[in-house]
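Each ligand, and each atom within it, is numbered from 1 in the order the structure gives.
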Amino acid sequence: MTTLIKNGTLVTADAEYIADILVEDGKIQAIGQDLGASADQVIDAQGKYVLPGGVDQHVHFSFEFNGAKVRGFESSKAAAAGGTTTVIEFVNQIRGKGLVDSVEDYRKANADGVAAVDYSFHAVMTDPRPEVIEEIPDLAKAGYPVMKLFMAYKGMFFHADDDAILKSLLKAKEAGVTVMVHAENADAIDVLQRQLIAEGKTEPYYHAVSRPPIVEAEATRRAIYLAQLADAPLYIAHVTCREAVEEIAAAHSKGQPVLGETCSHYLVLDESNLAKPDFEGAKYVCSPALRTPDHLEALWQAINQGWLNAVSSDHCGFDWKVQKHMGVDDFRNIPNGAPGLQNRLEVLWTYGVEKGKISRQKLVDVFAATPAKNNGLFPRKGSLTVGADADIVVFDPSWRGVFTVDDMLHDVDYCSYEGMEKIGRVEQVLLRGKQVVKDAVYVGENGDGQLLQCEPYGLLYQQ
Ligand code: URP
Ligand code: ZN
Ligand code: ZN
């Protein structure tokens, strides 16, 4: 099966030009002007942008919060519909089991034959026994070279203390495994939360009050110092505020290999959403919390400076009617996380490119190319080059509308960007050459995705 994408404007992380792309056997076979090849299928991309399929390095299809579980891999078709052709999801280590076994058992039971896009995993260390620390190098061999530790979430089984983080950093660097942290001071949050609840401040808005920027900045700085002590690279997940960015920038300027990501919602939504009446604010409870508008600007700048090198969705498919309502009397019980798997590209285009915050090259960089590099998948993923997987998005910049849950395939009862202006839309998507979105309609199926083998130390290649 060959496909020719004709006359589109190709956008990569460092260039833009009009060319045709010939796809054969799931790979990009040729790129050039007027290829003229006779293909089985021709897609006319005149007036459209042609981008590499997105790589979302931070999604959740198994996260649980106080017994509430997010939507599973069945909902990964939302990724394809939004132009994301690779997802990397977090798998909690099961107590008593190893890191690799936890991922492999989860993968076989939940992802293989179900994922609608290509996939890999980050192991989350929850049980840092000495033998588990010793096992870290095996993650690289198994193709899962980025692991996560949660500095936040005191009292939950996946919370990690400094002991676990330092030991992980020391062991990880031997094997080219990148340690990623969720940087928030769990104890400080706990103190503030208890105080607020004692004062009767139970509504969703107080979620943000209980975890202000300084608790994120403190943990970010602590993790950076621990990484310095271990002489190991460090990656900060979902950075939300100016203070945390400043910590990363300072480390970066000293030559320390520390980088981070932010997420689409932190770039366009602010904490006023948490104050929406009738418990609507619960839809926006995620951690770290949404910030005041001045932080949004700092994040866009950090992207342009390269301190934040990827924009993820941190997709978490909890519904509002039942699951979010677990915290109707106490914001601490609202499951943390918001859906966004389908929206990353269109949010970045509308509020990044169209508003002049980032260039189209930067969009491709943070949406596809650099997340692929971070995870040892580049240039197979995240690039438009001959020999790369034919994961390709044709994007129509002339479309005008709004974000709405009616268009979402994520199987959750709300859209985080409901009613917000949307400029441009994902029109065609190829996943390794197979068309999974046709004329803005999802035509793929669960099981289209394949497991990816990630190479170690993607982060270091970028220093
Ligand atoms: O609120 C969030 N981000 N939920 C998902 C779990 C995490 O912290 O990444
Ligand atoms: Zn997190
Ligand atoms: Zn997350």
Side-chain angles (χ1 to χ4, degrees), residues 56-72 75-76 79 84 87-93 120-126 146-160 164-165 178-186 189 193 204 207-208 210-211 215-216 219-220 223 234-241 244 260-267 269 271 273-274 281-291 308 310-320 323-324 326-327 331-341 344 371 374-375 410 412 414 416:
D56 195 339
Q57 63 178 17
H58 189 149
V59 305
H60 298 275
F61 296 124
S62 57
F63 186 63
E64 279 192 53
F65 190 95
N66 282 349
K69 192 167 177 194
V70 292
R71 300 296 180 274
S75 61
S76 58
T84 288
V87 292
I88 309 186
E89 104 117 323
F90 293 86
V91 178
N92 286 336
Q93 179 199 1
S120 183
F121 303 96
H122 306 299
V124 176
M125 186 185 281
T126 64
V146 181
M147 60 178 285
K148 185 176 180 186
L149 292 118
F150 282 97
M151 299 171 84
Y153 303 117
K154 183 176 167 126
M156 298 209 180
F157 78 96
F158 45 83
H159 168 73
I165 292 166
T178 302
V179 170
M180 176 192 278
V181 290
H182 175 136
E184 285 187 293
N185 184 316
I189 293 166
Q193 286 186 337
H207 173 75
S210 75
R211 39 208 328 146
V215 305
E216 183 182 339
T220 303
L234 175 71
Y235 199 79
I236 315 286
H238 42 45
V239 174
T240 72
C241 63
E261 65 173 10
T262 189
C263 307
S264 345
H265 42 294
Y266 297 120
L267 290 165
L269 302 177
E271 66 171 32
N273 288 281
L274 285 155
K283 293 177 179 173
Y284 305 93
V285 167
C286 58
S287 292
L290 296 179
R291 303 298 183 201
L308 300 181
V311 177
S312 308
S313 69
D314 196 359
H315 174 80
C316 238
F318 290 116
D319 66 43
W320 177 72
Q323 293 175 310
K324 290 279 183 180
M326 285 166 47
F331 68 84
R332 295 176 297 179
N333 297 329
I334 300 170
N336 284 205
L341 188 58
R344 210 164 50 104
N374 288 341
N375 294 281
H410 59 208
V412 180
Y414 74 100
S416 303

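- When distances to the Zn ion (ligand 3) are checked against a cut-off of 2.8 Å, H238 contributes no N, O or S atom below that limit.
- The Zn ion (ligand 3) has an N, O or S atom of H60 under 2.8 Å away, backbone or side chain.
- Using a non-hydrogen distance threshold of 4.0 Å, Y153 registers as a contact of ligand 1.
- In terms of protein heavy-atom proximity, atom 4 (N) of ligand 1 is nearest to N336 O, 3.1 Å.
- Residue contact check: C316 has heavy atoms under 4.0 Å from atoms 4 (N), 5 (C) of ligand 1.
- Looking at S287 and N336, their side chains do bring a donor and an acceptor atom within 3.5 Å of each other.
- The side-chain heavy atoms of S210 and F331, taken from C-beta on, include a pair separated by under 4.5 Å.
- Between V285 and ligand 1, not a single N/O pair is under 3.5 Å apart.
- Using a 4.5 Å cut-off on side-chain heavy atoms (C-beta onward), V181 and L234 make contact.
- Each of the atoms 1 (O), 2 (C), 4 (N) of ligand 1 lies under 4.0 Å from some heavy atom of G337.
- A heavy-atom separation below 4.0 Å is found between F150 and ligand 1.
- For ligand 1 and H182, the ligand atoms under 4.0 Å from any heavy atom of the residue are 7 (C), 8 (O).
- The aromatic rings of Y266 and H238 stand perpendicular to each other, their planes meeting at an angle above 60°, with 30° marking the opposite boundary.
- Near C286, the atoms of ligand 1 lying under 4.0 angstrom from a non-hydrogen atom of the residue are 1 (O).
- Using a 4.5 Å cut-off on side-chain heavy atoms (C-beta onward), V179 and L149 make contact.
- Of the residues Q57, H122, E261, the one that meets the side chain to side chain donor-acceptor pair (under 3.5 Å) test with Y235 is Q57.
- Heavy atoms of F63 found under 4.0 angstrom from ligand 1 belong exclusively to the side chain.
- Restricting H182 to its N, O or S atoms, the one at the least distance from the Zn ion (ligand 2) is ND1.
- Legend: residues meeting side-chain contact (heavy atoms from CB on, under 4.5 Å) with A289, ordered by chain and number and at least two apart, are H207, A208, R211, R291.
- Each of the atoms 9 (O) of ligand 1 lies under 4.0 Å from some heavy atom of H58.
- Residue-level proximity to ligand 1 for D314 is carried by the side chain, the only part with a heavy atom below 4.0 angstrom.
- Using a cutoff of 4.0 Å between basic side-chain nitrogens and carboxylate oxygens, D56 and R344 are scored as salt-bridged.
- Relative orientation of the Y153 and F63 rings is tilted, given thresholds of 30° and 60° on the angle between their planes.
- In summary, no N, O or S atom of A152 is located under 2.8 Å from the Zn ion (ligand 2).
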